[in-house]
Participant: 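Take a look at the following structure, please.
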Protein chains: 2
Amino acid sequence: MVATTPRNTRQRRAVAAILDDLDGFASAQEIHDILRHRGESVGLSTVYRNLQALVDASEIDALRNDDGEVLYRQCSTGHHHHLVCRACGRTIEVAGPTVERWADGVADKHGFVDVAHTLEIFGTCGACAASAD
Amino acid sequence: MVATTPRNTRQRRAVAAILDDLDGFASAQEIHDILRHRGESVGLSTVYRNLQALVDASEIDALRNDDGEVLYRQCSTGHHHHLVCRACGRTIEVAGPTVERWADGVADKHGFVDVAHTLEIFGTCGACAASAD
DNA sequence: GCCCCTGATGACAATGGTTCCCATGGTTGT
DNA sequence: ACAACCATGGGAACCATTGTCATCAGGGGC
């Protein structure tokens, strides 16, 4: 499987630009809407395809919210987790070396191989909690 | 909010019985199929409703697999996480007091309130890894 | 045990996020 | 510029899940 270089299309650039601008996580549909409002309309299928390609290339992170929707965000490289505000989507990347070791240790102790884990922290950030009073 | 006692119907008992018998996680559709094969046919809507009720009552745990499907399992009470085999679904409950404290501490440090977290470990159990060779 | 009220059921429609299909158009190597 | 071929987009298809509503049955009251 020789990795073919993806073409540099207007749509691909537009999707990447949105992810550059956004701070928190956003769904594919939200990104599609933002593109429409910017006048840089891109087909919904294309948004999905490009997001999936970026995930495959490990250039963005994806996670599911409680509703099962997939959210995307441009993140730093390397393994990390997220502290996400339920209200505004603001996201803080967190590293947890201890947790990584713990998870691997638990799996190893039970004879599991090819181990991966998911860990996300959800809460309400200070600003949103204050404005909700 | 006075909790009304749910009625003791054949369908409710049948769904609970399946969860009693199963060891690992199963999707609503799988449980529906098992019921059909047992001859204790139950409407799909009813399966979903009863599973949701059991989740609300904290009598079973629910989590999403990579495909976004919701999986259900009868678990011990109290907060815990899961080590799940991708191949056979075998599940081991794990407690991680250190992780709990770490997650809460991280959230607190950033001023987040009303904090929750998700943590699941996926891997291939020894038996499945051996049979895959 | 029998009735009746009311919540539970189930067949089907509807929803919503995501993926598939395929004719068309734009990109890139030459 | 040319041509080959990948990317696009609009709509249909998919699939898990939820909603609708007429019908059914559990269980409290008698």
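Sequence lines set the chain letters: A, B, ... in the order given, protein chains first and strands last, and positions in each chain run from 1.
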Participant: Establish whether the base of D/dC6 is bridged to the side chain of A/T9 by a donor-acceptor pair shorter than 3.5 Å.
Facilitator: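 Such a pair does not exist between side chain and base.
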Participant: Between A/Q52 (CD) and C/dG17 (P), how many Å, whole number?
Facilitator: 17 Å
Participant: When you measure from the side chain of A/S45, which nucleotide among D/dG9, C/dC12, C/dG25 comes out closest?
Facilitator: D/dG9
Participant: If only atom types and distance count, is the side chain of A/E120 paired as donor or acceptor with the main-chain N or O of A/H82 below 3.5 Å?
Facilitator: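 Confirmed, A/E120 side chain pairs with A/H82 backbone.
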Participant: Mark yes or no for whether A/H117, through its side chain, and A/V115, through its backbone, hold a donor-acceptor pair below 3.5 Å.
Facilitator: no
Participant: Can you tell me how far C1' of D/dA7 sits from CG of A/L51, to the nearest Å?
Facilitator: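 Rounded to the whole Å, the gap is 15 Å.
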Participant: How close or far is atom C1' of C/dT18 from atom OH of A/Y72, stated in whole angstroms?
Facilitator: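 From A/Y72 OH to C/dT18 C1': 9 Å.
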Participant: Is the base of D/dG9 touched by the side chain of A/R49 through a donor-acceptor pair closer than 3.5 angstrom?
Facilitator: yes
Participant: Out of D/dT17, C/dT28, C/dG7, which nucleotide sits closest to the side chain of B/L44?
Facilitator: D/dT17
Participant: Atom CZ of B/R12 and atom C1' of D/dG27: how far apart are they, to the nearest Å?
Facilitator: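 After rounding, the gap between these two atoms is 15 Å.
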Participant: Is B/N50 close enough to C/dT9 that one of its side-chain N or O atoms is under 4.0 Å from OP1 or OP2 there?
Facilitator: yes
Participant: Could you check whether any side-chain heavy atom of B/I31 comes within less than 4.5 Å of a side-chain heavy atom of B/V42, counting everything from C-beta outward?
Facilitator: no
Participant: Roughly how many Å is it from NE2 in B/H32 to P in D/dC15, rounded to a whole number?
Facilitator: 16 Å
Participant: Nearest to the side chain of B/T46, heavy atoms from C-beta on, is which of C/dG10, D/dT17, C/dA8?
Facilitator: C/dG10
Participant: Look at all strands and tell whether B/N8 reaches a base, only sugar-phosphate, or nothing, counting heavy atoms closer than 4.0 Å.
Facilitator: sugar-phosphate
Participant: When you measure from the side-chain N and O atoms of B/Y48 to the phosphate of D/dT18, is any distance below 4.0 Å, counting only OP1 and OP2?
Facilitator: no
Participant: Is the closest side-chain donor-acceptor distance between B/Q29 and B/D33 under 3.5 Å?
Facilitator: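 No - no donor-acceptor pair under 3.5 Å links their side chains.
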Participant: Regarding B/N65, tell me which of base, sugar-phosphate or nothing describes its non-hydrogen contacts under 4.0 Å with the strands shown.
Facilitator: nothing
Participant: Measure from CD on A/E69 to P on C/dT15 and round the result to the nearest Å.
Facilitator: 17 Å
Participant: Considering just the side-chain nitrogens and oxygens of B/Q11, establish if one lies under 4.0 Å of OP1 or OP2 belonging to C/dG10.
Facilitator: yes
Participant: How long is the line joining CG of A/D67 and P of C/dT15, in whole Å?
Facilitator: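 Checked: the CG to P distance equals 18 Å.
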Participant: Can you measure B/R13 atom CZ to C/dT9 atom P for me and round it to whole angstrom units?
Facilitator: 11 Å
Participant: Compare the minimum distances between each of D/dT17, C/dG17, D/dG26 and the side chain of B/R7, then state the nucleotide with the smallest one.
Facilitator: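 Selected nucleotide: D/dG26.
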Participant: Between A/R10 and D/dG9, is there a contact of a side-chain N or O with OP1 or OP2 at under 4.0 Å?
Facilitator: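 Yes, such a contact exists.
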Participant: So does A/R13 pair up with A/E40, basic N to acidic O under 4.0 Å?
Facilitator: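 Between A/E40 and A/R13 there is no salt bridge, as every charged N stays at least 4.0 Å from the carboxylate O atoms.
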